Structure formats: C-alpha cells, structure tokens
Amino acid sequence: MTKLRSAKWFVGGVVHLTDRCRFYERHRHRSKNYIFAIFQTSIGQMKLFVSEGNPHCLKVLAALEVTGVHCDVQYVNHEERVVPFLSRPALPALLLPGGLHLFSPNAICRYLFEVSGQDASELCNRWLEWEATDLQPALLQFLHMAVLQGKGSEVSKVLQGPLNYMEQSLSKGNTPYLTGEAVSVADVVLWAALYPVLSDPSLALGERTSVKAWFDRGAVMHSCQSAAQKVLQGKGLQGMKIFMQRQPAPQSSQCRGTQPCNSNPAEESERVVSVEEMEAASLTWSKALTACPLATDRQHPILPQEGKRNLLVTSALPYVNNVPHLGNIIGCVLSADAFSRYGRLRGWNILFVCGTDEYGTATENKAREEGLTPQQICDKYHVIHSDIYKWFQIDFDFFGRTTTEKQTEIAQNIFWRIHKHGFLLEDTVEQLRCENCKRFLADRFVEGICPNCSYPEARGDQCDKCGRLINAVELREPQCKVCRQTPVVRSSKHLFLDLPKLEAQLEQWLDKSTSTGDWTANAKQITRSWLRDGLKPRCITRDLRWGTPVPHPDFKDKVFYVWFDAPIGYLSITANYTDQWEKWWKNPNQVELYNFMAKDNVPFHSVVFPCSLLGAQDNYTLVSHLIATEYLNYEDTKFSKSRGVGVFGDMAKDTGIPSDVWRFYLLYVRPEGQDSAFSWADMALKNNSELLNNLGNFINRGGMFVTKFFEGIVPVMELQQEDKTLLALVGWELQQYIQLMDKVKIRDALRHILNISRHGNQYIQVNEPWKKIKGGDTERQRAGTVTGVSVNVACLLSVMLLPYMPAVSQTIRDQLNAPPSCVNTMLQGTGTFVCCLSAGHRIGTVSPLFQKLEVDQIEALKKRFGGQQPAAVPAAAAAMASVNGVDPEKAKQLTQAVTEQGEKVRALKTQKAEKAAITAEVAKLLDLKKQLALAEGKSPEPAPQKGKKK
C-alpha cells in the first residue's frame, strides 16, 4: 500500500503528517478493509468545503460518492477563506482532524481513494499529473471563452490536443477505463473535469469514439450524476458563470505540454497593478546599487564557505566516444550551465564540474573501428567535447575525465569500504558471449525482446518501454548489436552490490531528499518505479579490459561496471580540480548537490550511486536536487550521426548562427515536462519574433533614443503613475523569474524575460517619445522619462539574460556602459529592480543585437541536416544475391539500415505517434530485415522459436 511519507504527497495542502496518516503508515501491511474500517471510526470530524458552480468541487464530490467515505459537506460562497493561512480563497478544501487542510482538488480525491483502500498506480499518478499540467490550462481557457465570451464553438481548437491525446491513449490501451478494467481516481478526476464540456450536446466529440465511450460510462454512474447536479444545479455551463467571473483570465501563452510559449502575446490579459505595488516598485527603484564582489569574479579553488549557500552542480558525464547532439547538450551541460550562472548572480557559492566518461565497451569498440587504442580515442574525443562546450559557452569550473589515477584511487576505496561493511555479494552469472566478436557482450551491445512487456528492441540492461531492469540472458531472441549474430550463454563469477540490504537506508534518505529538495516529477516517478517491486542485487563488475581494475584478488581480470564506476567520476574530477575535494563530497550538512541529466540516467543517480555511497559509510554528500529532462527530438525523428540527421555539437558553429541564439532556442524548447522537438522553422520564428522583433527591438529603441535625442546622456526621469505601473509590472515579472529559476524551471522562467520586453515595447509605443521630443518642455520631459526608464529596463534584461545568452548579456551592458555592480544587485532577495543608469549617465555605442534568419537560409540548413535515408534494395536484386552467394557489402549497408529504422520505430513509439505511422515504419523495418537475411544468404522466413532448456 502506498506510503503517505510526507506533506509533499498532497501537492499543496498539508504542512506535516497527521496522526491518522502516521497510523495509516504503521498499519499499511494490514488489509485494506481493516484500515478502511478503522478510518471510518475516526474520520467523522472531516469536513469538506465546496461551492456551487465551482468545477473543481465536482471532482471531490464525485470522489466522495464513489469511495463512500463519510465526512461532513459544507457549501460556502466562492469568496470565503476556509484555509486560514492562505491569503486567497481556496475551494474545495478538506479539513482533517487536528485542524490541517488539503486544498488541492486532485490531492483531496487521492486522499479519499487512499483511505478507502484504493491505491493509485503509477499510471494513475501520471494521468493525474497530466490533468493538472496539460488538461486544466486548456479547460480553463475554454471555460473562460465559453461561459464569459459565448465562444463555445472554439472548443475544437482549445481542447483538440488534450482530447486527441486521451483518444489515442484509450484506444491504444483497449480498456474501458484510463488505468484498466476498473474505475480509478484518475477516471473520476478527468471525468469530472471534462463533464461541463462533454455533457453539452452542442460540443460534439467528432471521431473520438474511445473518449465518448469512456465519458458515457462515467455519465451513467449515479455518483457522478449526483455530484454534477449538486455543483451545476442542472444549468450546464451557465451554472459556472458566477465562479468564472471571479477568476483571472487564463494566459494562453503559458508553456504547456510539449509546446513552449508559442501563442500570440496579444491574447494575454494585462495584469492589474495595485497602488501598493506601484509605490513599492518606485521605492525599490530609488535604492542604490549593491557594492560587493562581482558575481563573475571567482577565486580558484572554489571551496564551501561558512554562512553561504554552497551548491555543488554536476552535469551527467557524456560518453567520450560520441559527439554530443543538441538533445545531449540541453539535457545535461547547457541546463546545468544556465542554472549555475543564475546561482552565481544570486550570490550562491557554486562549484560546477563535469567531464568525459571514458571507460567501457563503447570506447573499446570505437577504438577498434578507428584503429586506435582506447586511450588514444579518449584523448581525441575529450578534446572534441571540450571544444564543443567552449563554443556553447558552458562555464565549467572544471571539465575533467574519468581515466585518471584519482578515479582508480577513489573508486577502489569506495569498493573496499562497501566490501568491509558487508554490502557485496559474489555469484556466478550467465552472460551472453558473441562467438563471432569473441567477447562477452556489454548490456548496451545486446538487444532482444523484453521478457516483461514483449517490446522488440529492449536493451540488455533495461527496457525503454516498460522501464524494468533486465538481465541480458532474460531477453528473448537476443542479438549482438555489432554483428547481429545470436550470442551464446556462458558462466562467469561476479560481484554484486547488495541493494536489498541497503534498501531501508536508501528509502529513509529518499524520503528526506525528495521532500526537501527540488526533484523533477519524472525523477521521482522513475525512482518510485524502481522501488515499487523491491530492489535486487546489482552486478558491479564486467569481463572487460578497458575500465577501472577491480582490486580484489579473486576478480583481478575484471573491471568495474560503468554504472558503478562512472558516477564516482564526479568525485575524482573534483579531486583533480582540488586536493580539498572532500570539503565538497564529504560535507552533507553544508553542501547541496544538484545533478543534471536526461531521464534515462535517473535510476543510476537516485538508486545505484546513492546506495554505493551509503554502503561506503564515509559521510558522503548525496544528491539534494535531481533535475531530469525528457528527450529532445529532431524535427519528427531522432538524432542520428550515421544518417546525418540532426545537428551535432561540432556542426552548430558552422551554421553561421551565434552560439547565444542556439542557447536561447534550446532553453526555450527545453523538455522540462514532456518530450519536445528541435524545429528549424520554429527556431527561425523565435529568433525573428522573440529575439529580433521583441527583445532586440525594445533594447535597441531605448538606447537609440538616448543617443539620438539626448546626446548619449540618460535624461532626468520624473516618474508618473504610468511609469510606476511599468516598474510594478517589471518587478512582478522579475519575481516570477526568480521563483521559477530557484526551482530550476529554466524554460518557464524565460517567458518572463520576454514578457518584460513586451511590456517595454508597449510602454514606448503608447508614450511615443519620438513625437514628444518635438513638443514643449513638458512633453520633452515626458520623452526623457520614458527613454530613461526604458534603458534601465534594458539593463535589467541584460542581467536576467545572462544565464541564457551570456555574450548578448555582456554586449547589452557594454552598449549601455552599465556599472558592473548592476549584475550583483538585480537578483537579490525576491528581485531588486533599481535605477542603475541614473540621470547624467553616458551610454556607449548602440547597435542591433540580432539578425534575421531568412527563409532560404533555414531551408538550406534543414536540407543539410535532414540526412539521407538508406535507399531500399530491390527485392529481386536481394533474391539474386542469395542465389549467387552472400553479399557482405550489401549486408553491411542493410545492417546499418535495420539499426537506423529500428531506432526510428522506437522513437515513434516513445513519442506515442499515430498507430498508422508506427505500422508503416514497422513494415519498412520488416522489409529491410528480409533483405538483410537474403544478403547474408539466409532464408527471409522467420526461424522457428527454440524451446528453452529445462
């Protein structure tokens, strides 16, 4: 049964666990009926506050009816504050015994289902998160349009994406409900959320037959009908009019789902600014700049400092033998760099380290391909990586590598400590060996059918589809990915990390870290999925030659498995930076560790590596904040170096597009909540609209006005209400930016930078300083104030832009001749927008910051990086080859084609593409496999399945 470990579980309601939640935790091993019966005797004092016409209340009342939980229901008006510590009304709200509140609708529904003995599965949790982050913004926008503006027909546009996603998921799952054969909390929440829309007969669902069937099943349930009647009083959408009139207009431009900030800014509603906000902003504006060391000045070695926030930031170590593509760059190093730069602006003491991961089978194979030694390969590609990151302006404090003496020393020390404390096991395991390649196969070089979900392209260590761990010998129909031959099973003795023995320590640490730190939702979900079924011993040795040697005499011919060894690279890289590395890595009370990575690396950073350090029992610093992105795709497919598809790090600088523009766009489409895609057309659009016409236009206009109208001298500024309104708006956007960046919401924070320049452009447009400068003294004074305020907003933007576009940020400050201390001042506290460029300040030479990306330029780049699909080999020619004998050259080409087509199929499945699209690509894959069989002189008919040995 799910543990109620912390208040975070309730997503916005409880300050700490109630006694009854602790009871629930203590008795979680009992039957659900037992717990439910006990709860029913003790929760009579629960009280649920709801209001008529509030669509969120429909959810909780439906959940109450479905679960049968007894509690008092009290109807209040929309404006009543029933949660005493909130400054705004929050309904629905559930008052728990002891006086604590839940006030998130989904959290209340989950709570009711949990105490009734109905667990929420991982799939159920994903649906609830999707409802809150994707469906609700679209629903609120629709309800605003339909109820208040009478634009009900617009539903096809506003809700098209979410409804299509539901249709695809329901039809693919082929079950009557969202998570299976029975109603779950996800069904109740989504049904109630959609009821006001889908129950209106004028709003047809069209071809979405699966959604319609699912919704109709809920509509006939008495509990759902009863809840709808209580909330809407049979009035349909109009039953919510009073409630909707009290809600702020939704911002359609908020980054939701897979699409970041693409809507028309003109559709956003203007934020209303209070007099108090204006006066507060005006007071802040009048403060002096902070006099302290520059955020960009660093004295090495950087060590933890008393009284400061000490952050150790790591980016997942890139494999040395691969040239990183844009997805690798945004998933790890660029995200970590943006956050590190921001943290320095905040005055935090930060050490940012990374390096190349150089051991393992992949390096050996690359060396074989290029006719070099593994060390030569590492030396060659380490330089390539380093040059790429320098071009992207990744500001590491130290960029190292894992093939060092420090790596061997620290890894072997951790190994012996784990051994000493009894957390290692010995066992003889069966491994796959490729007789053709004459080597044991590392996990990543074997592929086959997943034994759990039958996914046809599971790796030898983990299935990408179901996420479960796999032993390579468990795969059905395994193949060596190098030569495509079937490997054989051989026995070998290995060492295992005893994860079950460490599981209790791990869970205790995870409870604290995930509740107090900023772990992304996917990091929490992936970690929970590993723990759900219980941990199993994990092999930490491999039969390879290129790796950190195992120091145990019984295993002297083996090396450490890369996922035991590689994360220790963070420590050894820091040790190569400073001999005082333990002040960072053995100092958990003073140091916060941030790990940045893509989601596929999460379990090794949240389970395997922490268990290694816990087992060593040497007071190691464990991760406090685990930041994982989803995947960035290229256009409508995956990056592929061999096919020439996508932009790789060493190619970006040859496009003629500045690295700052690359940084901006990659951070703009950063896959924070879901997979996203790089698009040339969208990159051109964002460059030309957001950078050139919005941000660049505003900054350039202010500076040019100072130069043209005031001889390069910032004029006297006499603030009026309109100016103070702008200061308040800008100050609010700055606060939002800081709150989001503090939580590592890098993509969402960027929206507030662009909002500020939009406010600035509108401010200039309304006040028309180019006209007022030609008028009398009063109008000239007004022109001066508008111009002076504008260049000061530009100065603020230069600071906020620094984590995203460091070169552009510096250029703006150079053009404005801004005092260096402005960098330190603006991001202090919750945001400090002061007047940095006071009257009399002389600015520098102003020039345009950005250039337009032309259509023909973008089309040429799209074609250049679009790659070439392997030409299909005519079936007749393939058949002739099989008659005349094996065609090794053709077989080699087709082997590559099969690999690439398989990756394409996997990408489509991961992206949950349309079934027809997947079927078409699978057909191509099967055809290529037949051609390959013929080219190898084999029968294209599938071989009969061999029976397993008993």
Side-chain angles (χ1 to χ4, degrees), residues 284-285 287-298 337-338 340-347 393 395 658-661 663-664 667 690-692 694-708 710-715 717 727 730-731 733-734 737-738 741 749-750 752-754 756-757 759-761 764 787-828 831-851:
T284 301
W285 165 267
K287 291 181 179 178
L289 290 170
T290 302
C292 58
L294 295 182
T296 52
D297 293 341
R298 280 174 276 170
D337 177 68
S340 296
R341 288 176 179 273
Y342 167 78
R344 294 182 192 116
L345 294 176
R346 294 279 277 153
Q393 304 174 77
D395 192 15
S659 65
D660 264 18
V661 175
R663 287 175 62 105
F664 167 83
L667 290 164
E690 293 291 13
L691 292 182
L692 188 63
N694 175 18
L695 183 68
N697 181 50
F698 169 69
I699 293 171
N700 188 253
R701 289 170 90 185
M704 290 303 296
F705 291 155
V706 174
T707 300
K708 184 176 180 180
F710 300 98
E711 300 179 341
I713 305 295
V714 176
M717 291 161 278
L727 298 184
V730 169
E733 299 286 358
L734 175 59
Y737 168 89
I738 289 174
M741 287 296 281
L750 181 54
H752 295 282
I753 296 176
L754 301 173
I756 288 175
S757 55
H759 289 311
N761 275 316
I764 289 176
T787 299
V789 170
S790 296
V791 291
N792 272 280
V793 173
C795 189
L796 168 66
L797 286 170
S798 75
V799 178
M800 296 173 72
L801 271 174
L802 195 153
Y804 298 86
M805 309 178 80
V808 168
S809 169
Q810 185 61 57
T811 299
I812 297 169
R813 294 198 303 281
D814 289 344
Q815 291 187 8
L816 297 176
N817 193 24
S821 55
C822 72
V823 173
N824 294 42
T825 302
M826 301 290 198
L827 301 190
Q828 297 308 305
T832 310
F833 178 28
V834 303
C835 178
C836 290
L837 311 178
S838 56
H841 173 84
R842 177 173 291 280
I843 69 169
T845 303
V846 177
S847 60
L849 296 168
F850 307 107
Q851 292 185 342

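Scope of the values below: all heavy atoms of this structure, side chains included, with no hydrogens, waters or symmetry mates. All values derive from a computational prediction rather than experimental measurement.
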Can you name the closest pair of heavy atoms from Ala839 and Pro715 and give their distance?
-> CB-O, 3.6 Å

Do we see a donor-acceptor contact under 3.5 Å between the side chains of Asn824 and Gln828?
-> no

With side chains defined as the heavy atoms from C-beta onward, is the minimum distance between Asp395 and Arg298 less than 4.5 Å?
-> yes

Would you mind reporting whether Ile843 and Val791 have side-chain heavy atoms less than 4.5 Å apart?
-> no

Do Met805 and Leu691 pass the side-chain contact (heavy atoms from CB on, under 4.5 Å) test, and can you show the C-alpha distance, the side-chain angles, and the key distance before you say yes or no?
-> CA-CA 11 Å; Met805 309 178 80; Leu691 292 182; 4.0 Å; yes

Out of curiosity, Asn697 CG to Ile764 CD1, how far, rounded to the nearest 0.5 Å?
-> 8.0 Å

Determine whether Phe664 and Leu750 make a side-chain contact, defined as any pair of heavy atoms from C-beta on separated by less than 4.5 Å.
-> yes

Relative to each other, are the rings of Tyr804 and Tyr737 parallel, tilted or perpendicular (30° and 60° limits)?
-> tilted

Could you tell me the separation between the CZ atom of Phe698 and the CG atom of Asn700, rounded to the nearest 0.5 Å?
-> 11.0 Å

pair Leu695-Leu801: side-chain heavy atoms closer than 4.5 Å = yes

Taking all atoms of both residues into account, what is the closest heavy-atom pair of Ala338 and Met741, and its distance?
-> O-CE, 4.2 Å

Find the distance between CZ (Phe833) and CH2 (Trp285) and round it off to the nearest 0.5 Å.
-> 5.0 Å

Interatomic distance, CD@Gln815 vs CE@Met704, rounded to 0.5 Å, equals 10.0 Å

Smallest separation among heavy atoms of Asn792 and Leu837, with atom names = OD1-N, 2.8 Å

Between Met826 and Leu734, what is the shortest heavy-atom contact and its length?
-> O-CD2, 3.7 Å

Gly702 and Ser790 have their tightest heavy-atom pair at CA-CB, 4.3 Å

For Pro819, does its backbone N or O pair with a side-chain atom of His841 as donor and acceptor, under 3.5 Å?
-> no

Can you tell me if Ser809 uses its side chain to pair, donor with acceptor, with the backbone of Ser798 under 3.5 Å?
-> yes

Examine distances only and state if a side-chain atom of Arg813 and a backbone atom of Pro820 form a donor-acceptor pair shorter than 3.5 Å.
-> no

Roughly how far, to the nearest 0.5 Å, is CZ of Arg701 from NZ of Lys708?
-> 12.0 Å

Can you find a pair of side-chain heavy atoms, one from Leu727 and one from Val789, that are under 4.5 Å apart?
-> yes

Nearest atoms (heavy-atom pairs only) where Leu827 meets Val799 = CG-CG1, 4.2 Å

Gln851 versus Pro658: any side-chain heavy-atom pair under 4.5 Å?
-> no

Does Arg663 use its side chain to pair, donor to acceptor, with the backbone of Pro803 at less than 3.5 Å?
-> yes

For Gln393, does the CD atom have more than 12 heavy-atom neighbours from other residues, nucleotides or ligands under 6.0 Å away?
-> yes

Val714 vs Ser838 side-chain heavy atoms within contact, under 4.5 Å | no

Name all residues meeting the side chain to side chain contact (heavy atoms under 4.5 Å, CB included) criterion together with Asn694; count only those two or more places apart in sequence or in a different chain, and write none if there are none.
-> Glu690, Leu754, Ser757, Arg758, Asn761

Any chance you could measure Ile812, atom CD1, to Ile699, atom CD1, to the nearest 0.5 Å?
-> 3.5 Å

So, Asn817 side chain and Gly844 main chain: donor-acceptor pair closer than 3.5 Å or not?
-> no

